[in-house]
Amino acid sequence: MYKRILKVIGHALYPNKVSGIGILAILVGFSIGAIGQDKPREIIEKTYQDMVPFVDVLSQIQQSYVDVDKADSQKLIQGAIKGMVSTLDPHSQFMDAEEYKELQTDTGGSFEGLGIEISIRSDVLTVVSPIEGTPAYKAGVKSGDKIIKINGETTKDITINEAVKKLRGPRGTQVTITILRESVKEPFDIIVTRETIKMISVQSYVLNGDIGYVRVRSFMEKTSADLEKALKDLETSKVKALILDLRGNPGGLLSSAVDVSCKFIGDGKLIVYTKGRIKEQNRNYYADSGAAPHPEPLVVLVNKGSASASEIVTGVIQDSGRGVIIGSQTFGKGSVQSIYPMNNGAGLKLTTAYYYTPSGRLIHEKGIAPDVLVEDEPFIPESVWKLQYYEHFIHYAKKYIEEHKDITVDIKISEKIIQDFISFAKANGYTISDDDASKGKSFISRSIKMEIVRLLKNDDAAQVTALSEDPVVLRAIDVLKGAEIIQKSTPAVVK
């Protein structure tokens, strides 16, 4: 059996002077190395038998395929390896040297592209979350959108790395993505102009005079330090409770998730653990012994765009009873990928374990269910969302301020103002139907006010304005106040 396989491989690869023994080592080396001492002969024998169809096909391609260049042994073997790894799960990936190098930029501070985190869900390229303020966000891309085409080419069977290569590119260039969205009957195109995406990790504000609000947008190397600074600034403002917003946060570094959790979970408690097939993948991650967590009563906001590292933080806060989780079910990305350098600069990203919350809950494909269910804002029609993309709100706010010199940031957006805005957009070549305007009324109202406040004051004031009308944030404030913890000087757990 072994001699036959060696002979077939040697014959198939002979034109390129590649040794049959060498290629056999490539194909079965990992299997033999991982077998151990438990009946290795039987397992190796089965491996050789399973390889027979492969070497037969390889031999036939080498001898008979019409295009000699496509029948190159190196291309065929690499294609076979990629296909083999792709059968495992969407997050495992064999990367050539160029792809492996690109992987190193994923946790960097900036890149040029659209500003979306993507994954493969049910064999379809899916948006985990758009990054707020980026081209994708402004163009109306949403969590859960299925990208079925990129520049007219199908994404069927595409890998994450292949998709990233197609979506990223020089700033100023455009890419067309075809979206399938649950709330829309037919697929539609969104044209996005690439920009430099700067990863802002942490933002913080004071709401209602005494409630601290911190948004963690991604988990990077600097996130823990940025969060600590934000919490100290809020402490100076004498806040009495805290909202931690992880909505739309697609995750990032495990180490950052553990460090962030330590801000709220102390005394050496278990943060998360991983469990895999081999002993080395079974690891426990604990809070620093003696750590003094920030004491404020805590609410955590999540949605379907909260994934990976976000789910780790959410899980330990929920399991420990440290705070209340408000929002909607999280994405459910809880697997560990180990990176193995390969020959010639290539790399293998392989799923080797799953994440579990301290109580033993599996995160992967399940996500975290909130304690208080509050769905994100209802469906906003595309025609309404694109008013933001084409900057109609900004231009209208400038016009309105010029015409109303006595305006203040406390302005209330009346029905008359909304209708005036719609007429303004129409005069500038953009028309929306009465039905779409009605469905998107709250979004239009909030967006007009945000831009007016931004022009009268600054970006931070505009963000506070938006948060003050955010239904999930308002529910969080109600929960905190309802538990009568705002008036308490000692920490309390909200139930």
Side-chain angles (χ1 to χ4, degrees), residues 34 36 88-92 103 106-107 119 128 201-202 214 216 218-228 231 242 244 246 249-295 298 300 302 306-325 329-341 348-371 491 493:
L88 302 174
D89 67 75
H91 307 291
S92 294
L103 180 68
D106 282 354
T107 56
S119 182
V128 177
S201 183
V202 177
V214 179
V216 178
S218 61
F219 288 86
M220 301 185 291
E221 291 180 0
K222 65 175 185 175
T223 300
S224 179
D226 289 350
L227 176 60
E228 182 63 26
L231 291 173
L242 185 67
L244 176 64
L246 299 179
N249 184 324
L253 301 174
L254 170 61
S255 58
S256 179
V258 173
D259 290 342
V260 166
S261 298
C262 288
K263 307 298 181 189
F264 309 104
I265 306 294
D267 301 325
K269 292 179 180 177
L270 180 64
I271 301 294
V272 66
Y273 68 91
T274 62
K275 187 161 52 175
R277 184 175 167 189
I278 59 177
K279 184 179 179 181
E280 289 75 13
Q281 296 297 335
N282 299 333
R283 300 186 61 183
N284 296 336
Y285 297 85
Y286 296 92
D288 295 334
S289 180
H294 289 265
L298 180 66
V300 181
V302 295
S306 307
S308 188
S310 295
E311 294 172 296
I312 289 173
V313 175
T314 302
V316 66
I317 288 174
Q318 189 176 58
D319 278 5
S320 65
R322 175 64 181 84
V324 174
I325 313 303
Q329 189 89 10
T330 63
F331 187 82
K333 198 283 183 184
S335 58
V336 181
Q337 280 72 49
S338 299
I339 307 298
Y340 300 95
L348 177 65
K349 182 169 67 172
L350 196 65
T351 299
T352 53
Y354 290 122
Y355 290 118
Y356 294 81
T357 71
S359 67
R361 290 184 294 164
L362 175 66
I363 294 174
H364 194 63
E365 295 185 349
K366 295 180 181 294
I368 304 292
D371 300 313
V493 175

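Since the model is a prediction, treat every value here as computed from it, not as a measurement.
Residue G276 comes nearest to N282 through the heavy atom pair N-OD1, 2.8 Å, listed as atom of the first residue, atom of the second, then distance. Of all non-hydrogen atoms in S308 and G251, the two that sit nearest each other are CB-CA, 4.0 Å. Counting all heavy atoms, side chain and backbone alike, G268 lies closest to Y286 at O-CD2, 3.3 Å. Closest heavy-atom contact between F264 and V260: CD1-O, 3.5 Å. Between L227 and V202, the shortest heavy-atom contact is N-CG2, 3.9 Å. Here the closest non-hydrogen pair linking S306 and L246 is OG-O, 2.7 Å.
Contact of the I265 side chain with the P293 side chain is not registered, since no non-hydrogen atoms from C-beta on lie closer than 4.5 Å. A 4.5 Å side-chain heavy-atom check between L270 and Y356 finds every atom pair outside the cut-off.
Here the straight-line distance linking atom OG of S201 with atom NZ of K222 works out to 6.5 Å at 0.5 Å rounding. Of the inter-residue distances, the one linking L254 atom CG with R283 atom CZ reads 8.0 Å to the nearest 0.5 angstrom. With values rounded to the nearest 0.5 angstrom, Y355 atom OH is found 8.5 Å from I363 atom CD1. Between the OG atom in S224 and the CG atom in L253 there is a gap of 11.5 Å [rounded to 0.5 Å]. Atom CD1 of residue I278 and atom OG of residue S338 lie 7.5 Å apart, to the nearest 0.5 angstrom.
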Kindly list each side-chain donor-acceptor pair under 3.5 angstrom involving residues 330-337, sequence neighbours excluded, with atom names and distances?
{"from": "T330", "atom 1": "OG1", "to": "E311", "atom 2": "OE2", "distance (Å)": "2.7"}
{"from": "T330", "atom 1": "OG1", "to": "I368", "atom 2": "N", "distance (Å)": "2.6"}
{"from": "K333", "atom 1": "NZ", "to": "S335", "atom 2": "O", "distance (Å)": "3.3"}
{"from": "K333", "atom 1": "NZ", "to": "Q337", "atom 2": "OE1", "distance (Å)": "2.8"}
{"from": "S335", "atom 1": "OG", "to": "Q337", "atom 2": "NE2", "distance (Å)": "2.9"}
{"from": "Q337", "atom 1": "NE2", "to": "T351", "atom 2": "OG1", "distance (Å)": "2.9"}

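Between the D89 side chain and the H91 main chain, a donor and an acceptor come within less than 3.5 Å of each other. Under a 3.5 Å cut-off, the side chain of T223 and the backbone N or O of S256 do not form any donor-acceptor pair. A donor-acceptor pair under 3.5 Å is formed between the side chain of D319 and the backbone N or O of S359. Between the side chain of D288 and the backbone N or O of G266, no donor-acceptor pair lies under 3.5 Å.
Within 6.0 Å of the OH atom in Y273, the count of heavy atoms belonging to other residues, nucleotides or ligands exceeds 12.
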Residues V216, L244; criterion side-chain contact (heavy atoms from CB on, under 4.5 Å); working and verdict = CA-CA 7 Å; V216 178; L244 176 64; 3.8 Å; yes
Does the side-chain contact (heavy atoms from CB on, under 4.5 Å) test come out yes or no for I317 and I325, once each step is laid out?
-> CA-CA 8 Å; I317 288 174; I325 313 303; 4.1 Å; yes
Would you check, one step at a time, whether the test side-chain contact (heavy atoms from CB on, under 4.5 Å) holds for T352 with T274?
-> CA-CA 9 Å; T352 53; T274 62; over 6 Å; no
Criterion side-chain contact (heavy atoms from CB on, under 4.5 Å) on Y285 and I312, from CA distance to verdict | CA-CA 11 Å; Y285 297 85; I312 289 173; over 6 Å; no
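Shown here are the salt bridge (charged side-chain N to carboxylate O under 4.0 Å, His left out) partners of K263, two or more places apart in sequence or in another chain: E228. With sequence neighbours excluded, no residue forms a salt bridge (charged side-chain N to carboxylate O under 4.0 Å, His left out) with D259.
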